[in-house]
Amino acid sequence: MKYSSNVNKEMTVKLLDWFYANKRDLPWRHDVRPYSVWISEIMLQQTVIRSVISYYKKWMKRFPDVHILAKAGEKEVLTMWEGLGYYSRARNILKCAHQLIGLYKGTIPDEYDKLIRLPGIGDYTASAILSIAYKKPYPVMDANVNRVARRILALKSWDLFIKKEVADLLKKIISSKDPGGFNEAVMELGQRVCLVDTPLCSQCPVSGHCVSYKKNLQDRIPEKKNLQIKSRETLLPILITENRKSILVFEKKRGVLQGLWMFPGISRTGGYAERMEQFIEKNISDDFEKHGKLTVRTHHYTRFAEKLFPFIYSVRKPGKKLKEDWMWIPFRELEKYPFPSVYRRILQDVEEYMKNL
DNA sequence: AATTCGGGGAC
DNA sequence: GTCCCAGAATT
């Protein structure tokens, strides 16, 4: 192996010593049941620890084990997930719970090939469950491990990063007694020492093994990814009943944000108010009244920014038959429906606006 | 192999 | 505003 000279078993001991001297108190570290490891690892996919902690605690209180989880409905599960993002994770957790009951009597398999076939579980999560819950020597490859490995091996461009090669290397040095501790050690090192910008090499237990540090390249590795952000503008005609007790929303049945609820949106190109009002006449009712507009809310996603322009209309008599999946929902029941965060924010704006209507 | 997914926080 | 995060699924 081309890179292995500087990567050796000495690192294993140094990493573990550093980890147990600096280990943080995180809620999932008090409970290494396979179930808890599974849930926490799914929540942590592409999501920072700080955001996950409160969701994890709330989840374990409501769904302490897989049997209780498997009896829950998708709407409640998605509502518990509201604000965490990447909602297919929540739908897959429920799907996976059903499969665990059906295939494995509610236990979580301790074999890679079985785990990897379950919904929402890929290479990372399978390895995390095997190493942390079952103490099997499977190295994890997440964003932290990726960055730490790239720095240690001085792999500058992303093209040179060969995943399998690094995985093989980690497999050689992972602790056989404490594989979970080893994996958590590398991840925590990436999080707290081997930072994206300005790594704290003076605090690093394995700087002596790091080629980037030796060559003083640590600030230039890895290279920036240079994302391209696309933007979009959307009109939101928000319809409330004349008595101001209910609001029109629909459930998204397919595509992105599947299973979540939102307001109808119209792409903001060309005509403006006319298009919203045509939309209302066609789909809801001829008898409506226009009120004001709300604060414009911009929402940023990974490669995407959407600017939402909400307008309030009230409908005197809902004449037209509503499309499938659309419902008038009383404001007091909205908390039971999962909304994407930006829509939840706009709902707050609507209620605030109605106080002065 | 590359893109989608579509939240949130730190700057 | 930009970049990143205990990635998986899809094409």
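Both backbone and side-chain heavy atoms feed into the values below; hydrogens, waters and symmetry mates do not. As the structure is a computational prediction, the values presented were derived from the model and not from experiment.
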Non-hydrogen atoms of [X] and [Y] that approach each other most closely:
X       : Y       : value
G73(A)  : L94(A)  : C-CD2, 4.0 Å
S212(A) : A154(A) : OG-CA, 3.6 Å
W81(A)  : Y86(A)  : NE1-O, 3.9 Å
C201(A) : Q218(A) : SG-CG, 3.7 Å

Where do K307(A) and H299(A) land on the side chain to side chain donor-acceptor pair (under 3.5 Å) test, with the steps shown first?
-> CA-CA 6 Å; K307(A) 213 169 171 181; H299(A) 201 66; over 6 Å; no
Separation of [N] [atom2] from [X] [atom1] (nearest whole Å):
X       : N      : atom1 : atom2 : value
Y55(A)  : dA6(C) : OH    : C1'   : 18 Å
D123(A) : dG7(C) : CG    : P     : 12 Å
L84(A)  : dG8(B) : CG    : P     : 8 Å
M141(A) : dC5(C) : CE    : C1'   : 16 Å
M43(A)  : dA6(C) : CE    : C1'   : 13 Å
L44(A)  : dA6(C) : CG    : P     : 8 Å
R297(A) : dG6(B) : CZ    : C1'   : 18 Å
Y343(A) : dG6(B) : OH    : C1'   : 10 Å

[X] atom [atom1], over 12 foreign heavy atoms within 6.0 Å:
X       : atom1 : value
R220(A) : CZ    : no
F19(A)  : CZ    : yes
K58(A)  : NZ    : yes
K135(A) : NZ    : no
K245(A) : NZ    : no

Of D197(A) and T298(A), whose nearest nucleotide on DNA chain C comes first from the 5' end?
-> T298(A)
Of A305(A) and L26(A), the one whose closest DNA chain C nucleotide lies more 5' = A305(A)
If you look only at pairs with a residue in residues 47-57 of chain A, which of them pass as a side-chain hydrogen bond (donor to acceptor under 3.5 Å, both in side chains), with sequence neighbours excluded?
-> T47(A)-R89(A)
Side-chain contact check for E41(A): nearest option of dA6(C), dG7(C), dC4(C) is dA6(C)
Consider the side chain of F304(A), meaning its heavy atoms from C-beta on, and name the nucleotide among dG8(B), dG6(B), dG7(C) that approaches it most closely.
-> dG6(B)
Polar atom pairs (N or O), protein with nucleotides 3-5 of chain B, under 3.5 Å:
none

When the [atom1] atoms of [N] and [M] are considered, how many whole Å apart are they?
N       : M      : atom1 : value
dA9(C)  : dG8(B) : C1'   : 22 Å
dT11(C) : dG6(B) : P     : 14 Å
dA6(C)  : dT4(B) : P     : 23 Å

Remember a base hit wins even if backbone is also touched, and classify [X] as base, sugar-phosphate or nothing at under 4.0 Å, heavy atoms.
X       : value
E184(A) : base
R192(A) : nothing
W81(A)  : nothing
R344(A) : nothing
N183(A) : nothing
A143(A) : sugar-phosphate

Q348(A) and R345(A): CA distance, side-chain angles, deciding distance, side chain to side chain donor-acceptor pair (under 3.5 Å) verdict | CA-CA 5 Å; Q348(A) 290 173 7; R345(A) 184 69 189 84; 3.1 Å; yes
Would you tabulate the side-chain donor-acceptor contacts of residues 99-109 of chain A under 3.5 Å, counting partners in other chains and residues two or more places apart, or write 'none'?
from    : atom 1 : to      : atom 2 : distance (Å)
T107(A) : OG1    : Y104(A) : O      : 2.8

Would you tell me if any nitrogen or oxygen in the side chain of T125(A) comes within less than 4.0 Å of OP1 or OP2 on dA6(C)?
-> no
Close N or O pairs between protein and nucleotides 9-11 of chain B (under 3.5 Å):
from    : atom 1 : to     : atom 2 : distance (Å)
dA10(B) : OP1    : R50(A) : NE     : 3.2

Nucleotide N/O to protein N/O under 3.5 Å, stretch nucleotides 9-11 of chain C:
from   : atom 1 : to      : atom 2 : distance (Å)
dA9(C) : OP1    : G120(A) : N      : 2.4

Evaluate the criterion side chain to side chain donor-acceptor pair (under 3.5 Å) for residue pair E306(A) and T234(A); output intermediate values, then yes/no.
-> CA-CA 7 Å; E306(A) 187 172 29; T234(A) 303; 2.7 Å; yes
Considering only heavy atoms, which members of residues 11-22 of chain A lie under 4.0 Å from some atom of DNA chain C?
-> none
Strictly under 6.0 Å, is that where the ring centroids of W261(A) and Y337(A) end up?
-> yes
Is there a side chain to side chain donor-acceptor pair (under 3.5 Å) between N183(A) and Y138(A) once you walk through the steps?
-> CA-CA 9 Å; N183(A) 282 335; Y138(A) 286 81; over 6 Å; no
